[in-house]
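The model shown is predicted, which means the values in this text are computed figures rather than measured ones.
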Amino acid sequence: MSTIGISSTVVAAVLLLGLVMAIKVVKQYEQGVVFRLGRVIGVRTPGLTAIIPFVDVMHRVSKRIVTMPIQSQGIITRDNVSVDVSAVAYFRVVDTVKSVVAIENVYAAIDQIAQTTLRKVVGQHTLDETLSETDRINLDIRRILDVTTVEWGVEVTLVELKDIQLPDTMKRAMARQAEAEREKRAKIINAEGESLAAAALGDASDTMMQHPLALQLRNLQSLVEIAVDKNSTVVFPAPLMSTIGELGAFLARESAAASRSERGTPADPGPRAADEPVVRPVAAPPAPPAARVGTSGP
């Protein structure tokens with residue numbers, strides 16, 4: 001009885017072990033490829049599945065997108081500039097059987113092919129194109145990788161250049177170039193501003209020639225603007241000073257005329273215009289000597 005009990009216990013243990021080995025759990029983001037005696041017999045979907053122990057072997061393959069950094073590569077561009085370029089690739093498995101059967105290690109293979117493709121594509125562009133046309137370079141790298149990896153059951157979803165390292169001499173040269181470009185734009189903008197200002201001043205001068213009072217109003221506006229700053233010195237424009245002088249002379253003439261009229265002195269007619277004719281008084285002819293009337297002597 002003891003031998004039978006031990007045998008039944010062993011059988012139960014073996015059956016329990018076989019049951020544990022036969023039952024497999026496939027996660028939601030995985031798929032299982034089942035090999036039976038070395039041959040692929042099918043793919044197991046997520047959930048609880050069973051295989052034959054010691055006969056079937058199941059390989060789990062992740063279906064999630066994998067982020068793979070591409071190591072920095074020393075690359076010589078088409079214009080013979082040495083740069084170090086690093087990138088990052090995103091891919092996912094679309095055919096589980098191919099990713100297991102067609103290649104031994106799909107992750108290592110994609111890493112290597114991405115490095116060689118990065119060197120090849122960047123080497124076909126100049127430095128300026130590498131810095132300014134990164135989107136086109138990313139698309140070229142992805143297109144080349146897709147052609148190769150489709151046979152492995154892998155789809156490359158995205159490739160992005162992550163960092164571009166330039167030599168120090170090239171950085172200084174680019175800094176000088178950028179500074180010169182900014183100075184050129186500043187000079188062009190300044191020249192355009194001077195041209196527009198000159199045209200506007202020309203229009204303003206034409207308007208002031210047609211309306212002389214506009215210049216005086218502008219001078220008064222300038223005085224108002226100066227007074228806002230609370231300056232101790234006030235600058236009067238020359239046209240305004242001449243106007244004030246003429247006004248003072250006019251008031252002086254009026255005052256002199258008023259004082260002469262009060263004293264009975266003919267008023268000074270004031271300064272004669274340039275085109276006014278000169279009227280000089282003509283002296284009257286001398287009167288004949290008067291006849292003397294007297295008595296004759298005795």
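Judged by distance alone, with hydrogens and angles left aside, the side-chain atoms of Ser132 form a donor-acceptor pair with the main-chain N or O of Asp128 at under 3.5 Å. At least one donor-acceptor pair closer than 3.5 Å links the side chain of Arg60 to the backbone N or O of Val25. Side-chain atoms of Thr149 come within 3.5 Å of backbone N or O of Val154 as a donor-acceptor pair.
In this model, a donor atom of one side chain and an acceptor atom of the other lie less than 3.5 Å apart for Gln165 and Asp163. In the model, Thr77 has a side-chain atom that pairs as donor or acceptor with a side-chain atom of Asp79 under 3.5 Å.
Atom CD of Gln71 has 12 or fewer neighbouring heavy atoms from other residues, nucleotides or ligands inside a 6.0 Å radius. In the displayed structure, Leu158 atom CG is contacted under 6.0 Å by more than 12 heavy atoms of other residues, nucleotides or ligands. More than 12 non-hydrogen atoms from other residues, nucleotides or ligands lie less than 6.0 angstrom from NZ of Lys162. No more than 12 heavy atoms of other residues, nucleotides or ligands sit less than 6.0 Å from atom CD of Glu151.
Two residues are said to be in side-chain contact when any heavy atoms from C-beta on lie closer than 4.5 Å; Met58 and Val26 meet this criterion. The shortest distance between side-chain heavy atoms of Asp111 and Gln115 falls below 4.5 Å. Side-chain contact check for Val34 versus Val43: every heavy-atom pair is 4.5 Å or farther apart. You'll find the side chain of Gln73 stays beyond 4.5 Å of the side chain of Val85, heavy atoms only. Contact check for His125 versus Ile137: side-chain heavy atoms found under the 4.5 Å cut-off.
Hydrophobic clustering of Ile, Leu, Val, Met, Phe, Trp and Tyr side chains at less than 4.5 Å, counting indirect connections, keeps Ile75 apart from Leu139. Phe35 and Ile51 are assigned to two separate hydrophobic clusters, defined by single-linkage of ILVMFWY side chains at heavy-atom distances under 4.5 Å. A chain of hydrophobic side-chain contacts below 4.5 Å, direct or via other Ile, Leu, Val, Met, Phe, Trp or Tyr residues, connects Val159 to Tyr107. A continuous path of ILVMFWY side-chain contacts below 4.5 Å connects Val122 to Ile113, so both sit in one hydrophobic cluster.
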Could you list the donor-acceptor pairs under 3.5 angstrom formed by side chains in residues 87-103, with sequence neighbours left out?
unit_1 : atom_1 : unit_2 : atom_2 : d
Arg92  : NH2    : Glu155 : OE1    : 3.2
Asp95  : OD1    : Val97  : N      : 3.3
Asp95  : OD1    : Lys98  : N      : 3.3
Thr96  : OG1    : Gln31  : OE1    : 2.6
Ser99  : OG     : Asp95  : O      : 3.4
Ser99  : OG     : Thr96  : O      : 2.7

Enumerate, atom names and distances included, each donor-acceptor pair closer than 3.5 Å involving a side-chain atom of residues 180-189, sequence neighbours excluded.
unit_1 : atom_1 : unit_2 : atom_2 : d
Glu181 : OE2    : Lys184 : NZ     : 3.3

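Closest non-hydrogen pair, Gln28 versus Pro46, comes out as O-CG, 3.5 Å. Shortest non-hydrogen contact noted between Ala256 and Ser259 is O-OG, 2.8 Å.
At a threshold of 4.0 Å, the pair Arg143-Asp146 does not count as salt-bridged, since none of the basic side-chain nitrogens sits closer than that to a carboxylate oxygen.
With Leu161 as the fixed residue, the side-chain contact (heavy atoms from CB on, under 4.5 Å) test singles out one of Asp135, Leu118, Leu131: Leu118.
Arg142 CZ to Thr117 OG1: the interatomic distance, rounded to the nearest 0.5 Å, is 14.0 Å. Atom CZ of Arg39 and atom CG of Asp56 lie 13.0 Å apart (nearest 0.5 Å). Here the CD-CG distance, from Glu133 to Asp140, works out to 9.5 Å after rounding to the nearest 0.5 Å. Atom OH in Tyr29 sits 14.0 Å away from atom NZ in Lys63 (nearest 0.5 Å).
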Stepwise, does the side chain to side chain contact (heavy atoms under 4.5 Å, CB included) test hold for Asp84 with Ile164? CA-CA 6 Å; Asp84 293 333; Ile164 300 176; over 6 Å; no
After noting the C-alpha distance and the side-chain angles of Ile110 and Met68, does the key distance pass the side chain to side chain contact (heavy atoms under 4.5 Å, CB included) rule? CA-CA 9 Å; Ile110 292 178; Met68 176 175 290; 4.1 Å; yes
Residue pair Glu129, Arg78: steps toward the side chain to side chain contact (heavy atoms under 4.5 Å, CB included) verdict: CA-CA 10 Å; Glu129 293 174 349; Arg78 194 175 63 184; 3.7 Å; yes
Given the rule in the salt bridge (Lys or Arg N to Asp or Glu O under 4.0 Å) test, do Arg44 and Glu30 qualify, once you have shown the distances and angles that lead to the verdict? CA-CA 9 Å; Arg44 297 293 187 264; Glu30 294 178 336; over 6 Å; no
Worked verdict on Phe54 versus Ile52 for side chain to side chain contact (heavy atoms under 4.5 Å, CB included): CA-CA 6 Å; Phe54 307 107; Ile52 301 175; over 6 Å; no
